[in-house]
Amino acid sequence: MGKIKRGQRIGILTAGGDCPGLNAAIRGVGKTAIVKYDMTLIGISDGFTGMINKEYRELTEHDLSGILTLGGTILGTSREKPFKSEKGKKEISKPRLIREHYEQMGLDCLVCVGGNGTLKTAWKLAQEGLNVVGIPKTIDNDVWGTDMTFGFDSAVNIATEAIDRLHSTANSHKRIMIIEVMGHNAGWIALYSGIAGGGDVILIPEIEYSDEKVAEYLIRRASENKPYSIVVVAEGIRKADENSCSAAQSLSKRIRELTGLDTRETVLGYIQRGGTPSPMDRVLATRYGAAAADMIAARDYGKMVALKDDLIVSVPLSEVAGKLKLVKENDPMVTQAMNMGTSFGI
Ligand code: F6P
């Protein structure tokens with residue numbers, strides 16, 4: 001960390017799958033950088049693709065007005081992984097292009113807003129000598145080193161509303177309703193929305209479940225005069241050999257076979273990533289953005305902003321890269337839900 005420096009020229013990119021709150025983070029970085037530190041903000045297009053192709057534009061304070069509540073990202077995004085080996089290719093390597101363009105654009109620092117893949121790339125760029133600051137975003141909430149990523153709260157709100165709506169139709173038809181939510185290999189969205197929406201069964205990749213236990217539980221509920229059940233599943237419970245159908249479809253088929261109960265499935269999909277961020281995500285993204293600008297001013301590079309016990313802190317990217325934050329089997333929320341009779345299929 002160094003003495004506060006004003007007037008730096010900072011690049012910002014958003015990479016990986018989008019999520020609600022990206023524009024709030026861009027605004028948080030930009031307004032703090034421009035208003036407090038007199039810096040220049042350069043918006044890089046489409047994640048690392050923009051660094052490779054040198055596609056960028058200056059963002060003025062005016063450009064940052066009115067974007068707080070907007071979903072998506074005004075910069076665009078991509079899943080470009082510049083360090084992925086390109087065996088046999090003759091052209092200049094992508095990391096080298098990024099380094100050269102960083103110099104040509106006259107950047108003092110590059111802010112990388114993204115999930116695990118993006119933060120790993122950010123760390124590799126830091127090792128190549130670039131000044132980098134990371135901001136953790138993803139609906140999956142699976143970034144190691146932070147209590148929360150922005151995007152997660154909005155996704156949980158959307159998934160919870162969907163579960164609430166399934167309750168009434170499940171009740172009318174006395175059905176088993178299976179709802180599949182996103183989360184990649186983590187069960188955070190399923191756990192939170194499952195608890196918030198009163199799911200009877202919650203299945204997450206971190207807890208090995210059996211179809212038979214789920215079926216037993218559902219049959220018992222039916223016999224206890226509970227006419228319908230809600231089963232919340234994370235997309236990551238999908239087994240390797242189920243390529244052709246979703247986790248919800250394959251579980252639905254098994255439950256029908258094992259219980260004979262009327263069963264339907266819903267795959268919530270990209271709705272969880274779209275639209276305006278929740279107030280909590282707007283606040284978190286803004287706090288992260290402002291803290292990132294403060295770190296740049298202090299020349300505190302090679303780190304990611306993070307939330308720890310409701311305080312904004314920074315964590316070295318070297319510690320974050322390559323790790324995942326998954327639900328622990330003994331997470332207090334899992335235990336509490338089990339104590340209340342929720343099944344995790346075990
Ligand atoms: O990481 C966010 C996420 O939405 C995951 O929950 C999901 O598995 C994945 O991205 C979908 O990725 P894509 O946008 O490439 O289809």
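Count residues from 1 along the sequence. Counting starts at 1 for both ligands and their atoms, in listed order.
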Relative to the ring of Phe150, is the ring of Tyr288 parallel (under 30°), tilted (30 to 60°) or perpendicular (over 60°)? tilted
For the student: nearest non-hydrogen atoms of Ala186 and Asp140, plus distance: CB-O, 4.3 Å
Is there a donor-acceptor pair closer than 3.5 Å between any side-chain N or O of Thr342 and the backbone N or O of Ala337? yes
Near ligand 1, which residues have a heavy atom under 4.0 Å away from one of its atoms? Arg79, Thr138, Ile139, Asp140, Met182, Gly183, His184, Glu235, Tyr270, Arg273
Can you tell me which residue among Arg221, Arg220, Lys226 is in a salt bridge (charged side-chain N to carboxylate O under 4.0 Å, His left out) with Asp200? Arg221
Honestly, is Lys303 close enough over Trp123, meaning NZ or CZ under 6.0 Å from the six-membered ring centre and within 45° of the axis? no
Hey, do the aromatic rings of Tyr56 and His101 have their centres closer than 6.0 Å? no
